[in-house]
Amino acid sequence: MRYSTALIAALAATASATTAPLPKMYTLEIAPGETIEVTEEEKFKMIDEGRHFFDITEFKDVHAAASRLFAAAPFPSTIQQNCAVKELHKKINLDRIKEQLTEYSSFHNRYFNSRYGVQAAEWLFARVNEVIEESGNPLATARLVRHTAWSQPSVIVSLPGIIRGHTVVTGCHLDSVISNDRGAGRAPGADDNGSGSMMNLEVLRAVLSDPRIADGDHRNTLEWHWYAAEESGLLGSQDIFSQYAALNMQVMAMLNQDMVGFKGRDGIERFGLVTDFTDPAQNEYLKLLIGNYTDIPYEESLCGYACSDHASANRNGYPSSFIFETPFGNHNPRIHTPNDTIEFVDFDHVFQHAKLTTAFMYELAHATFA
Ligand code: BES
Ligand code: ZN
């Protein structure tokens, strides 16, 4: 049989059309229950233009939790560990946080799909392991959490309590990015979120030094999380919390610390207590801790969208809070630029967040949630 040239050309065109790789499409939830499909380029353009969404590409089975996975556990109504927490506050070393942030923010960037982003996460993992080793705590473990869809791993430290299943988490994102030059651009991310990452490392060191913690004498499991790929759509935290939910893990409380080193454009120092995508009862509890353990007040604030990793915990049915450096809009104006450098980080303000995070972890390590 003879084929015409036209038929052969048409067959060739069909063959190449079916074998040419299609671009990966991303599923973005732009409003509750409303999704769109976009390319990666389109997705990052939306982020740079300040258009907000949940990237649920890898997590389509997770639907925004209408209620908790398990009965809401009440938070304590009083301060219970005042003396021990105040002892731990004395161990927070701001010079060490500064030294480590200098190193951490000197990675060219910590982008989720760049080799620097992977190196920075591995550097952090090495520091975390040093802290655990120096503490001599035999129960604390650290793991690099690999993600299937991108290169940068997350880091998790777990310290099992007597009631193993009840877990209290302090989380922060470890990546950085600058707008309009993703991947290649210089993104020191000193405030966003080197500040929260190095603060959480120091809080880990302080909590592990406590004698009761050293003896394993605490009810609940404590976890420190450093999430990959927050700046690309809360990806690391969504992966982790959707896995925790699939395993029916009981996260009793999650505190997100994203940007902790800037007092505010108006110079009036206070925490921003974010009330959307967070848990009202846990927020009330944080007000108690702020009043007792820190030297500054709070002001309630709204992000208006799923602006950081507390929203991933919330989406998976876990109580979460976000204590921000200042109310939304009054925050560090240099984030997502090459000028988000350590010279603009205020370590006295970092100290206030460190005091609060230490109190949250230590008080809840011993809480009965009943
Ligand atoms: N640290 C910011 C969140 C933030 C910035 C909160 C300014 C409040 C004020 C975070 O790292 C971030 O940039 N989030 C993205 C959203 C994310 C889903 C890509 C944002 O806010 O655009
Ligand atoms: Zn951030």
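Just so it is clear, the structure is predicted and the values come from calculations on it, not from any experiment. In listed order, ligands and their atoms are each counted from 1. Side chains are part of it too, since the values below use all heavy atoms of this structure and drop only hydrogens, waters and symmetry mates.
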Short N-O contact, K287 and E300, less than 4.0 angstrom = yes
When distances are taken from atom 7 (C) of ligand 1, the protein heavy atom at minimum range is H331 NE2, 3.4 Å
Which residue supplies the protein heavy atom nearest to atom 16 (C) of ligand 1, what is that atom called, and how far is it?
-> C307 O, 3.9 Å
Write out the residue and atom name of the closest protein heavy atom to atom 9 (C) of ligand 1, then the distance separating them to 0.1 Å.
-> F328 CE1, 3.2 Å
Atom 1 (N) of ligand 1: nearest protein contact (heavy atom, Å) = D258 OD2, 2.9 Å
Modelled atom types, side-chain donor and acceptor of E223 and Y244, under 3.5 Å | yes
Determine the interplanar angle of the H331 and F328 rings, folded into 0 to 90°, and report it as parallel if under 30°, tilted if 30 to 60°, perpendicular if over 60°.
-> tilted
When you look for heavy atoms under 4.0 Å from ligand 1, do you find them on the side chain of H336, its backbone, both, or neither?
-> side chain
Within a reach of under 6.0 Å around NZ of K45, are more than 12 heavy atoms found that belong to other residues, nucleotides or ligands?
-> no
Taking only heavy atoms of M259, which atoms of ligand 1 are found under 4.0 Å from at least one of them?
-> 1 (N)
Within a distance under 4.0 Å of any heavy atom of L234, pick out the atoms of ligand 1 and give their elements.
-> 18 (C)
Using a strict 4.0 Å cut-off to heavy atoms of D192, name the atoms of ligand 1 that fall inside it.
-> 1 (N), 2 (C), 11 (O)
Is the side chain of S301 donor-acceptor paired with the backbone N or O of L273 at a distance under 3.5 Å, no angle test?
-> no
Heavy atom of the protein closest to atom 5 (C) of ligand 1 (residue, atom name, distance) | I335 CD1, 3.7 Å
Minimum heavy-atom distance between Y111 and G183, given as atom pair plus value = CD2-CA, 3.2 Å
Using a distance-only test with no angle check, is there a side-chain donor-acceptor pair under 3.5 angstrom linking D48 and H336?
-> no
What atom name does the N, O or S atom of H173 nearest to the Zn ion (ligand 2) carry?
-> NE2
Residue portion contacting ligand 1 (non-hydrogen atoms closer than 4.0 Å) for D55 = neither
If the plane angle is over 60° it's perpendicular, under 30° parallel, otherwise tilted; pick one for Y227 and F241.
-> tilted
In terms of the angle between their ring planes, are Y104 and F107 parallel, tilted or perpendicular, with boundaries placed at 30° and 60°?
-> perpendicular
Identity and distance of the protein heavy atom lying nearest atom 19 (C) of ligand 1 | E231 O, 3.6 Å
Can E99 and R127 be counted as an ion pair, charged N to O under 4.0 angstrom?
-> no
What protein heavy atom is closest to atom 20 (C) of ligand 1, reported as residue, atom name and distance in Å?
-> Y305 OH, 3.5 Å
Which residue and heavy atom of the protein sit nearest atom 17 (C) of ligand 1, plus the separation | E230 O, 3.9 Å
Any N/O/S atom, backbone or side chain, of E230 lying under 2.8 Å from the Zn ion (ligand 2)?
-> no
Do the rings of H353 and F271 sit parallel, tilted or perpendicular, given the 30° and 60° boundaries?
-> perpendicular
Under a 4.0 Å heavy-atom limit, does A306 contact ligand 1 with its side chain, its backbone, both, or neither?
-> backbone
Can you give the angle D258 OD1 - the Zn ion (ligand 2) - D192 OD1, rounded to 10°?
-> 90°
